[in-house]
Colleague: 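Dropping a structure here in structure tokens format, bear with me for questions.
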Amino acid sequence: GGSYGGFMTFMAMFKTDAFAAGAALRPVADWAHYNHGYTSNILNTPDVDPDAYLRSSPIEFAAGLKRPLLICSGVLDDNVFFQDSVRMVQKLIELKNPNFEFAVYPIEAHGFREPTSWLDEYRRIYKLMEREVKGRDLAKQ
């Protein structure tokens with residue numbers, strides 16, 4: 001999933017092992033570091049309701065990652081800042097979790113523009129799904 005879908009991918013991968021793999025594109029990792037105007041209408045602000053941010057930010061649940069996860073982010077993202085993905089990657093490193101890959105797109109913003117970036121991102125997703133999902137009987141996991 002991308003953007004909010006990336007947030008949903010994080011939460012699904014961190015809070016359940018129902019999925020064989022996931023790809024989080026331009027994902028929100030921590031609502032406290034996202035667009036204040038958008039987030040405060042839903043969760044108040046971190047100083048008013050810190051518990052809401054703790055309960056709803058994927059970075060707080062990163063220890064639950066058990067299956068392969070691909071994280072893709074553009075360095076120039078002006079919506080979900082690149083630093084958000086970097087913080088998530090650092091958290092996974094600190095947790096000594098080997099189940100993730102990180103793809104960085106140095107010239108891309110939130111909506112990729114370069115065909116080569118799109119191609120690379122979707123090749124990575126395809127390879128992940130071919131390796132982790134294709135032919136797997138998910139009902140037996």
Side-chain angles (χ1 to χ4, degrees), residues 1-47 49-141:
S3 198
Y4 189 84
F7 153 77
M8 290 175 50
T9 299
F10 275 161
M11 291 300 268
M13 295 298 293
F14 297 163
K15 296 189 85 169
T16 180
D17 63 356
F19 300 95
L25 322 173
R26 318 170 254 305
V28 175
D30 186 348
W31 289 113
H33 293 269
Y34 186 62
N35 180 322
H36 175 72
Y38 172 83
T39 312
S40 63
N41 287 332
I42 300 165
L43 300 174
N44 292 312
T45 59
D47 57 317
D49 197 352
D51 205 41
Y53 284 81
L54 291 174
R55 287 191 323 262
S56 61
S57 292
I59 200 163
E60 301 298 330
F61 302 96
L65 181 64
K66 295 178 183 81
R67 308 220 184 206
L69 173 66
L70 172 64
I71 304 168
C72 299
S73 295
V75 172
L76 304 178
D77 196 326
D78 57 354
N79 183 349
V80 180
F81 298 129
F82 179 70
Q83 189 64 25
D84 214 35
S85 288
V86 170
R87 289 181 63 242
M88 179 61 80
V89 167
Q90 183 59 39
K91 178 77 169 186
L92 292 168
I93 290 169
E94 290 169 3
L95 291 167
K96 299 178 184 158
N97 193 319
N99 296 319
F100 74 94
E101 298 174 46
F102 186 36
V104 174
Y105 298 89
I107 64 169
E108 296 296 355
H110 195 64
F112 286 12
R113 294 188 179 265
E114 293 297 319
T116 52
S117 298
W118 282 107
L119 180 62
D120 181 80
E121 183 176 62
Y122 281 91
R123 275 187 179 155
R124 290 173 189 271
I125 295 167
Y126 179 78
K127 285 180 184 177
L128 174 67
M129 297 304 155
E130 283 284 301
R131 183 179 70 236
E132 301 297 332
V133 179
K134 186 177 181 180
R136 179 177 257 171
D137 185 353
L138 296 178
K140 291 184 180 180
Q141 293 185 5

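Both backbone and side-chain heavy atoms feed into the values below; hydrogens, waters and symmetry mates do not. Each residue takes its place number in the sequence, starting with 1.
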Colleague: Say you draw a straight line from CD of Glu132 to CG of Leu69; how long is it, rounded to the nearest 0.5 Å?
Modeller: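 That separation rounds to 11.0 Å.
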
Colleague: Quick check: closest heavy atoms across Leu128 and Pro68, and the distance to 0.1 Å?
Modeller: CD1-CB, 3.8 Å

Colleague: May I ask you to check whether over 12 heavy atoms, not counting those of Met8, lie within 6.0 Å of atom CE?
Modeller: no

Colleague: Nearest 0.5 Å, what's the NZ-NZ distance between Lys134 and Lys127?
Modeller: 14.5 Å

Colleague: Do you know the tightest heavy-atom contact between Ser3 and His110?
Modeller: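 Minimum heavy-atom separation between Ser3 and His110: OG-NE2, 3.0 Å.
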
Colleague: So, for Ala62 and Lys91, which heavy atoms are closest and what is the spacing to 0.1 Å?
Modeller: CB-CG, 3.8 Å

Colleague: Less than 4.5 Å apart, any side-chain heavy atom of Pro27 and any of Asp84?
Modeller: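 A side-chain contact under 4.5 Å is absent here.
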
Colleague: How would you list all residue pairs meeting salt bridge (charged side-chain N to carboxylate O under 4.0 Å, His left out) that involve residues 92-106, not counting sequence neighbours?
Modeller: Glu101-Arg131

Colleague: Less than 4.0 angstrom from a charged side-chain N to a carboxylate O is my criterion; do Arg26 and Glu108 meet it?
Modeller: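 Salt bridge between Arg26 and Glu108, a charged N being under 4.0 Å from a carboxylate O: no.
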
Colleague: Name all residues meeting the side-chain hydrogen bond (donor to acceptor under 3.5 Å, both in side chains) criterion together with Asn97; count only those two or more places apart in sequence or in a different chain, and write none if there are none.
Modeller: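 Only Asn99 meet the side-chain hydrogen bond (donor to acceptor under 3.5 Å, both in side chains) criterion with Asn97.
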
Colleague: I'd like to check Leu65 versus Leu95 (side-chain heavy atoms, cut-off strictly below 4.5 Å). Are they in contact?
Modeller: no

Colleague: Ion pair present between Asp30 and Arg87, side-chain N to carboxylate O less than 4.0 angstrom?
Modeller: yes

Colleague: When the ring centroid of Tyr4 is compared with that of Phe7, is the distance short of 6.0 Å?
Modeller: yes

Colleague: Under a 4.5 Å cut-off applied to non-hydrogen side-chain atoms, are Phe10 and Ile59 in contact?
Modeller: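 No, every pair of side-chain atoms sits at 4.5 Å or beyond.
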
Colleague: Should Phe19 and Val133 be marked as a side-chain contact (heavy atoms from CB on, under 4.5 Å) after you check the CA-CA gap, both sets of side-chain angles, and the distance that decides it?
Modeller: CA-CA 9 Å; Phe19 300 95; Val133 179; over 6 Å; no

Colleague: So, do Leu25 and Thr9 sit near enough that their side-chain heavy atoms are less than 4.5 Å apart?
Modeller: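 The answer is no; the side chains never approach within 4.5 Å.
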
Colleague: Indicate the atoms forming the closest heavy-atom contact of Trp118 with Arg113, along with that distance.
Modeller: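 For Trp118 and Arg113, the tightest heavy-atom pair comes out as NE1-N, 4.1 Å.
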
Colleague: Going from CD1 on Ile71 to CZ on Phe102, what distance comes out if it is rounded to the nearest 0.5 angstrom?
Modeller: 6.5 Å

Colleague: What pair of heavy atoms forms the shortest contact from Glu121 to Cys72, and how long is it?
Modeller: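 Heavy-atom minimum between the residues: OE2-CB, 3.4 Å.
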
Colleague: side-chain contact (heavy atoms from CB on, under 4.5 Å) with Arg124: which residues, sequence neighbours excluded?
Modeller: Leu70, Ala103, Tyr105, Asp120

